[in-house]
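Working notes, beginning with the structure itself.
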Protein chains: 2
Amino acid sequence: MLSIGSLSKRTGVKVPTIRYYEQMGLLKAAERSEGNQRRYERSDLERLAFIRHARDLGLDIPAIRELIRLSEHSQQPCADADRIAAEHLAAVREKIVRLRKLEQELDRIVSHCDGGHSIEECYVIRALSDHGLCESEH
Amino acid sequence: MLSIGSLSKRTGVKVPTIRYYEQMGLLKAAERSEGNQRRYERSDLERLAFIRHARDLGLDIPAIRELIRLSEHSQQPCADADRIAAEHLAAVREKIVRLRKLEQELDRIVSHCDGGHSIEECYVIRALSDHGLCESEH
DNA sequence: ATAATTCCTATAGTCACTAGAGCTTCAAGA
DNA sequence: TCTTGAAGCTCTAGTGACTATAGGAATTAT
Ligand SMILES: [Zn+2]
Ligand SMILES: [Zn+2]
Ligand SMILES: [Zn+2]
Ligand SMILES: [Zn+2]
């Protein structure tokens, strides 16, 4: 049986975050010691590692909750789990597209001015004042 | 003199957001009508357009506040403004790098499973359970 | 004049945590 | 066994950039 601190060290998830995941229903309410401290077993360690990895991959809490629910029905088809992952991938790709547009505009703006001007003449300030100077929507 | 609603329509910034920007010190406190409603002039329209464009480019509120402050000293050198833009560009690039790593892993994971399995065999679930199956840190 | 619309302030909610206050329990050494 | 320091507990509030709602007042249109 692990204390919350040992669980934290083994998974790299901070103690308050573990308590937060319990509150959010990702971890089941832990057993308690006589003095009301949380005690964890191996299965909790595995579940927390799952949560952590899913978070590291950018999945949000409702998605993880659903994935955990699905993972408890080992004989069901995995279409829903695959769909969640695919939708997340699509969302990541959209974010990348959007950031690449920002990157292009910002790169253009930044390279038009080298800091050696007055504010009055600064291309950064002018470009921010006027989206018409931009080359794309963003 | 424009009402907050007309200012909103002309800039595409929602009414509560305009009030929020005032609270955050991006817009100066507007003049008021006899009945205490905000009244704006052309210069407010321009400043709000600046704020909006800067937000669309991903700059955060403290950065925009600083840029506005700088833009009021038209004879000063623009090095600080250029630095703010360059730092933001660097931050955007870092985000892109991180998201590309996520994209790679997610793409690999998703393409390993086509939904035609049981949860028990599902590669999505297994990959989430074990970062060791990943090809990179992310 | 009346009705419809817009405006006002103030408060709370979003997301995934993080920080702090104030208190209790645990583990280890003397 | 006693003491001390670390770690645990609950609860509340703060983060960023808004958004939503409530309850009321002002403005505009008919
Ligand atoms: Zn410049
Ligand atoms: Zn633009
Ligand atoms: Zn699958
Ligand atoms: Zn991984």
Side-chain angles (χ1 to χ4, degrees), chain A residues 1-27 29-40 44 47-48 50-68 84 87-88 91-92 95 98-99 102, chain B residues 1-27 29-40 44 47-48 50-68 84 87-88 91-92 95 98-99 102:
Chain A
M1 300 294 273
L2 300 167
S3 68
I4 197 170
S6 339
L7 184 64
S8 170
K9 265 180 204 130
R10 284 182 198 231
T11 56
V13 179
K14 288 178 186 153
V15 169
T17 305
I18 296 174
R19 290 196 278 248
Y20 172 72
Y21 288 158
E22 178 183 318
Q23 224 186 331
M24 292 298 102
L26 298 188
L27 289 169
E31 288 178 48
R32 298 294 180 122
S33 74
E34 278 187 21
N36 199 37
Q37 301 193 354
R38 288 171 179 82
R39 291 293 175 259
Y40 297 94
D44 297 310
R47 171 168 292 192
L48 185 53
F50 179 95
I51 295 167
R52 163 106 214 248
H53 194 212
R55 285 293 300 127
D56 284 348
L57 285 165
L59 286 150
D60 64 15
I61 284 175
I64 297 174
R65 196 155 30 212
E66 179 67 3
L67 285 167
I68 288 171
I84 288 170
E87 282 172 5
H88 180 51
V92 167
K95 271 190 198 165
R98 165 137 199 293
L99 286 172
L102 289 194
Chain B
M1 301 293 273
L2 300 167
S3 69
I4 198 170
S6 339
L7 185 64
S8 170
K9 266 180 203 132
R10 282 181 199 233
T11 55
V13 179
K14 287 179 188 155
V15 168
T17 305
I18 296 173
R19 290 195 278 249
Y20 172 73
Y21 288 159
E22 177 183 318
Q23 223 187 330
M24 292 299 101
L26 298 188
L27 289 170
E31 289 179 47
R32 298 294 180 122
S33 73
E34 277 186 22
N36 198 38
Q37 300 194 356
R38 289 170 178 82
R39 292 292 176 259
Y40 295 95
D44 297 311
R47 171 167 291 189
L48 185 53
F50 180 95
I51 295 166
R52 163 104 214 247
H53 195 212
R55 284 293 300 125
D56 284 348
L57 285 165
L59 287 149
D60 64 16
I61 281 175
I64 297 173
R65 196 155 31 211
E66 179 67 1
L67 285 167
I68 288 172
I84 288 170
E87 282 172 5
H88 180 53
V92 167
K95 269 190 200 165
R98 229 178 316 127
L99 285 172
L102 288 195

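To find a chain, count down the sequence lines: A is the first, B the second, and so on, and within it residues start at 1.
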Nucleic acid footprint by protein, nucleotides 6-16 of chain C - heavy-atom cut-off 4.0 Å, B for base, S for sugar-phosphate alone: -SSB------B
Take the C1' atoms of the five end pairs on each side of the helix from C:dA1-D:dT30 to C:dA30-D:dT1, derive the two axes, and give their angle rounded to 10 degrees. 10°
Quick one: does A:Leu102's side chain get under 4.5 Å of A:Arg98's, heavy atoms only? yes
Any sub-3.5 Å donor-acceptor pair from A:Arg65's side-chain atoms to A:Gly25's backbone N or O? no
Do B:Arg39 and B:Ser3 have side chains that get closer than 4.5 Å, going by heavy atoms? yes
Could you give the CD1-to-P distance, from A:Ile18 to C:dA19, as a whole number of Å? 15 Å
Assess the residue pair A:Arg32 and A:Gln37 against the criterion (side-chain contact (heavy atoms from CB on, under 4.5 Å)); give the C-alpha distance rounded to whole Å, side-chain angles, the decisive distance to 0.1 Å, and a yes or no. CA-CA 5 Å; A:Arg32 298 294 180 122; A:Gln37 301 193 354; over 6 Å; no
Report yes if some heavy atom in the side chain of A:Tyr40 is under 4.5 Å from a heavy atom in the side chain of A:Leu48; otherwise report no. no
Any idea which heavy atoms bring A:Val13 and A:Ser8 closest together, and the distance? O-OG, 2.7 Å
Shortest non-hydrogen pair, A:Arg47 vs A:Leu26, comes out as CD-O, 3.2 Å
For the residue pair B:Leu99 and A:Val92, what are the closest heavy atoms and their distance? O-CG1, 3.7 Å
Closest non-hydrogen contact found for A:Arg19 with A:Ile4 is CG-CD1, 3.5 Å
Are side-chain heavy atoms of A:Leu67 and A:Phe50 found at a separation under 4.5 Å? yes
Under 4.0 Å from any heavy atom of chain B: name the first and the last nucleotide of DNA chain D that qualifies, 5' to 3'. D:dA17 to D:dT27
